[in-house]
4 protein chains.
Amino acid sequence: MGGGRPRDTGVEERVVAVAREMLREGGYARFAVDQVADRAGVAKTTVYRRWPSRDHLVVAAVATFLDDVAIEETGDLRADLVRIAAAIAAGLGQPGIRLLVSELIAAGARQPDLAASVYQLWARRRAASLDLFAAAVGQGEQADDVDPGLILDQIIGAVYYRALITGDPVDDDYLKRLVSAALAGAGVSSGGLA
Amino acid sequence: MGGGRPRDTGVEERVVAVAREMLREGGYARFAVDQVADRAGVAKTTVYRRWPSRDHLVVAAVATFLDDVAIEETGDLRADLVRIAAAIAAGLGQPGIRLLVSELIAAGARQPDLAASVYQLWARRRAASLDLFAAAVGQGEQADDVDPGLILDQIIGAVYYRALITGDPVDDDYLKRLVSAALAGAGVSSGGLA
Amino acid sequence: MGGGRPRDTGVEERVVAVAREMLREGGYARFAVDQVADRAGVAKTTVYRRWPSRDHLVVAAVATFLDDVAIEETGDLRADLVRIAAAIAAGLGQPGIRLLVSELIAAGARQPDLAASVYQLWARRRAASLDLFAAAVGQGEQADDVDPGLILDQIIGAVYYRALITGDPVDDDYLKRLVSAALAGAGVSSGGLA
Amino acid sequence: MGGGRPRDTGVEERVVAVAREMLREGGYARFAVDQVADRAGVAKTTVYRRWPSRDHLVVAAVATFLDDVAIEETGDLRADLVRIAAAIAAGLGQPGIRLLVSELIAAGARQPDLAASVYQLWARRRAASLDLFAAAVGQGEQADDVDPGLILDQIIGAVYYRALITGDPVDDDYLKRLVSAALAGAGVSSGGLA
DNA sequence: TCATAACCGAGACGGTACGTCAGGTCTTTTA
DNA sequence: TAAAAGACCTGACGTACCGTCTCGGTTATGA
C-alpha cells in the first residue's frame with residue numbers, strides 16, 4: 001500500500017494540446033494515437049493509461065475546444081437565437097468541423113461509456129442557450145406554458161439536421177424563418193417577448 | 001466502342017445483398033470488404049471496381065434498406081407526423097442503427113463524393129413525408145404561407161438532434177408537443193388542417 | 001472453310017517493339033503485360049494469343065536485343081577472347097541488364113518450355129565466339145586436343161559467376177589472367193595460337 | 001535510451017524455420033509471407049519488422065540452408081574439386097533448386113541492399129572451397145604463383161554457367177576435364193599438387 | 001534506508017483490414 | 001475467325017492503426 005510515483009500532471013495538458021492540434025490539422029481520420037504520443041513526447045502507454053481508447057482522447061480534446069465559444073446575449077431573444085443558430089451553422093459549414101462532429105456522434109454510438117461525455121459536450125452549449133430564455137422571462141413576459149427546451153430543439157435540431165443529414169443550405173433567411181416559426185409555435189408573439 | 005465483356009449485373013445485387021446482411025449482423029464496425037466479397041462469391045477487385053471504398057459500398061447497401069419502410073398516411077396530418085417521428089425515434093433507439101446512421105453521416109463528411117449519395121438516402125424518406133402535406137392541402141385547408149419543409153425540419157431535426165446529439169429521451173409525449181408546436185408555428189390551427 | 005479475320009501481322013512487331021522499350025525503361029520488375037498491350041494499341045487478349053505468358057513475351061523481346069551485338073575477330077585469339085569477356089562483363093555491370101539476365105534465367109527455370117528459348121538466347125552469342133577458335137585453327141595451330149567449348153566455359157562462366165553470383169569485380173587485369181589461364185590449361189602456348 | 005520490450009528471439013528462429021520449410025515444399029513461387037507468418041504463429045507485421053520484403057526473408061531463410069553442407073577434404077585436391085563441382089551440379093540439376101538459385105540472384109539484382117547478403121550466401125561456400133588449396137599447399141607443393149580464386153572461378157563458374165545459362169549437361173567426364181584444365185592452366189602439374 | 005508500488009519512455013507484438021497490383025481467363029461486339 | 005475492349009477471378013503484397021505487453025529506469029511513500 002505504498003505510494004508509487006505520482007502522475008505527471010503536465011502530461012494531460014501536453015497530450016490534449018497536441019491532440020487538439022492534430023484534430024485541427026488532419027481531422028479525425030488522420031488522428032493517430034501513436035503520433036499524438038510522439039509529438040507530445042510521451043509514451044503511448046502513458047496515453048492509454050489515462051484515456052482508454054482513441055475515441056476517449058478525441059472527446060477529451062474536443063471538450064477543450066468548445067470552451068472558447070462565448071454566447072453574448074443582447075436581450076433581444078429572437079436575434080440572439082438567430083445568432084446562435086448561425087454560429088452553429090457556420091461551424092458545420094466547415095468540412096473539418098462537420099466531420100469531427102459526425103465522428104464524435106459516431107464515437108458516442110460506438111462506445112456506450114463515451115456517450116455521456118459526448119452528450120455533455122453539447123449540453124454545455126445548450127445550457128448557455130437556455131439562459132437566454134431565463135433572461136427574457138426576467139425581462140417580463142408570459143412564460144407559463146413556454147418550453148424553452150422544445151424551442152431550442154426545433155431550432156438547433158433543424159440546423160444540425162440540414163447541415164449534417166439533408167445537406168440543405170442553412171442561410172440567414174432560413175434561420176430567421178426558423179426562429180420565428182419556433183417562437184410562434186410556443187405562443188411567443190412576434191412583437192412580444194422578442 | 002467495341003464492347004468488352006458486359007458487367008455481370010448479378011454482381012451488384014449479390015454484393016449489396018450480402019453487404020446488407022453483414023450490416024445487420026455485425027454493424028458498421030465488423031463490415032469488411034474482404035468478407036463481403038467472399039460471401040458474395042466475387043473477387044475483391046470486382047467489388048472495388050464498382051464501389052471505390054468501403055464507405056461507398058456501405059452507403060449503397062443502406063440505400064436498399066430504406067426502400068422497405070413505407071409511410072402510411074391516414075389523412076390525419078398531426079397523427080401521421082407523430083407516427084413518422086416516432087418511427088425515426090424508434091429506429092435511432094436501437095444502438096446498431098444509431099451507430100450506422102452516425103457512420104453514414106461521417107462517411108459523407110469524410111468523402112465529398114459520397115456526401116450527395118448520403119443526403120439522398122434521407123431525401124427519399126423526406127420526400128415521402130412531404131407528401132403528407134400535399135395530401136392535407138388537397139383535403140382543403142389554408143396552406144398558402146405554410147412551408148412544409150420548415151415544419152419537417154423542426155420535427156425531424158429535433159428528433160435526430162435529441163437521439164444522436166443530446167441524448168435526451170424522445171417519448172410519445174414529447175413528440176406530440178413537438179408536432180403541435182411545429183404546426184402551430186406555421187399557423188396551422190389545432191383543429192384545422194390536422 | 002470460312003475465312004475469318006486475318007491476323008494482323010503488324011501486331012507481333014509492334015508488341016515486341018514496345019516490350020523492348022519497356023524492358024529498357026523499367027526493367028523486368030515493372031514490365032506489365034497490361035501496359036505493353038496498352039502502349040502497343042493492342043488488346044491483352046491478342047498478346048496472350050501469341051505468347052502464352054509474360055515470360056514468353058519477355059524472352060521474345062530480349063531475343064531481338066541481342067542481334068545488335070557484333071563480334072569482330074581480329075585474328076588475335078587471346079585479345080578477341082578478352083574483348084568478348086569484357087563486353088559481357090560491361091553488360092552485366094549495368095544493374096538493369098544484370099537484373100534482366102537474372103530474370104531470364106529464372107524464367108527459364110520457372111517454365112520448362114521456356115528453358116530452351118532462353119538457352120538459345122545465349123547460344124547464338126556462344127556460337128559466334130566459337131567461330132574464333134575455328135578461325136584460329138585455320139590460321140594453323142595445333143588443335144587436336146583443344147576443346148574450345150571448355151575454354152569458353154572457363155572464361156565466360158567465370159565472368160557470369162563473378163558478376164551475378166559472387167559480386168566480385170571483373171576488371172581488365174582479371175580478364176587477362178583469366179583468358180591466359182584458360183588458354184594455358186588447354187595447352188595453347190602463350191606465343192603460339194594467340 | 002531505456003529500451004522497450006526486447007525482441008522475442010524465438011521469432012527469428014520460428015519464422016526462418018517455417019520459411020525454409022515452405023521453400024522446400026513449394027519453392028519460391030508459392031512462398032507467401034502471409035502464410036509464413038501464420039504458420040509461425042506470428043503477426044505479419046512482426047515479420048515485416050525484421051525483413052522489409054519477401055525477398056529479404058527468402059534470402060535469410062536460404063542462408064540457413066547452406067550451413068548444412070559440409071565439405072570434406074580428402075587431401076586429393078583434384079578429386080576434392082571434382083566432388084565439389086559435382087555437388088553443385090547435382091544441386092542445380094534439381095528444378096526446384098535451380099529456380100531458387102535463379103530467384104536469389106534476381107532478388108539481389110532487384111534490391112541493391114540485398115545484393116550483399118546474396119553474395120555472402122555463396123561466399124561462405126566459396127571460402128570453404130578455398131581452404132582446399134591452403135591445405136594442399138600445406139602438404140608442400142609449389143603454389144607461389146597459383147591463384148586459387150581464379151581456378152575456382154573457372155571451375156565453379158563453368159558449372160553455374162552450363163547449368164543455368166547454356167543448359168548444357170554437366171556430367172562427370174566433363175567435370176574431370178574441367179578441373180584438369182583449370183589446374184593445368186595454373187601450372188599445377190598433373191601429378192604434382194593434386 | 002530500503003522495499004514497494006505506481007509511473008514513465010521505448011518499442012515489440014498480435015490482430016484486422018485496407019486498398020493495390022499483376023497475371024491470366026472469359027465474354028461480348030465489331031471488322 | 002481474329003481483334004479490341006474490358007469485366008472477372010486469383011493471390012499476394014506492403015501499410016496503417018489499434019490496443020496490449022514487457023522491459024529498464026524513476027520517484028514517491030511506508031516499514
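Chain identifiers are assigned alphabetically (A, B, ...) following the order of the sequence lines, protein sequences preceding nucleic acid strands; residue numbering begins at 1 within each chain.
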Check: Which is true for C/V11 with a 4.0 Å heavy-atom rule: it touches a base, it touches only sugar-phosphate, or it touches nothing?
Finding: nothing
Next item on the list: With heavy atoms under 4.0 Å as the rule, sort D/R54 into base, sugar-phosphate or nothing.
Entry: sugar-phosphate
Check: Can C/M22 and C/V18 be said to form a side-chain contact (heavy atoms from CB on, under 4.5 Å), step by step?
Finding: CA-CA 6 Å; C/M22 291 200 53; C/V18 169; 4.2 Å; yes
Nearest whole Å is fine: how far is [N] [atom2] from [X] [atom1]?
| X | N | atom1 | atom2 | answer |
| --- | --- | --- | --- | --- |
| A/R110 | F/dC17 | CZ | P | 16 Å |
| A/D38 | F/dC18 | CG | P | 12 Å |
| D/Q111 | F/dG14 | CD | C1' | 12 Å |
| B/R49 | E/dC21 | CZ | P | 13 Å |
| B/Y28 | E/dA17 | OH | C1' | 13 Å |
| D/Y48 | E/dC18 | OH | P | 18 Å |
| D/Q35 | F/dA12 | CD | C1' | 10 Å |
| A/M22 | F/dA16 | CE | C1' | 13 Å |

Check: Want to settle it: does A/R7 or B/D34 sit nearer the 5' end of DNA chain E, counting the closest nucleotide to each?
Finding: A/R7
Next item on the list: Starting from the 5' end of DNA chain E, give me the residue, C/P52 or B/A32, whose nearest nucleotide shows up first.
Entry: B/A32
Next item on the list: Output yes when a side-chain donor or acceptor of A/R20 lies under 3.5 Å from a complementary backbone atom of A/A61, and no otherwise.
Entry: no
Checklist line | Side chain of A/P6 (C-beta onward), nearest among E/dG14, F/dA28, F/dT10 | finding: F/dA28
Notebook entry, point to check: If only side-chain N and O atoms of B/R30 are considered, is one of them under 4.0 Å from the OP1 or OP2 phosphate oxygen of E/dG15?
Noted result: no
Note to self: If you compare every side-chain N and O of D/T46 against the phosphate oxygens of E/dA12 (OP1, OP2), does one of them come in below 4.0 Å?
What the structure shows: no
Margin query: Judged by each residue's nearest nucleotide on DNA chain F, which is more toward the 5′ side, B/D8 or C/G41?
Written below: C/G41
Checklist line | Considering all heavy atoms, the nearest C/V59-C/S117 contact | finding: CG1-CB, 3.9 Å
Item checked: Candidate pair D/E103 and C/R110, rule salt bridge (charged side-chain N to carboxylate O under 4.0 Å, His left out), full reasoning -> CA-CA 10 Å; D/E103 296 283 14; C/R110 257 194 301 269; 2.6 Å; yes
base_contact_polar ([N] base, [X] side chain, donor-acceptor, <3.5 Å):
| X | N | result |
| --- | --- | --- |
| D/T45 | E/dG15 | yes |
| D/K44 | E/dG15 | no |
| B/R5 | E/dC26 | yes |

Next item on the list: May I ask you to establish whether D/R24 and D/F65 are in a cation-pi arrangement, using a distance under 6.0 Å from NZ or CZ to the six-membered ring centre and at most 45° from the ring axis?
Entry: yes
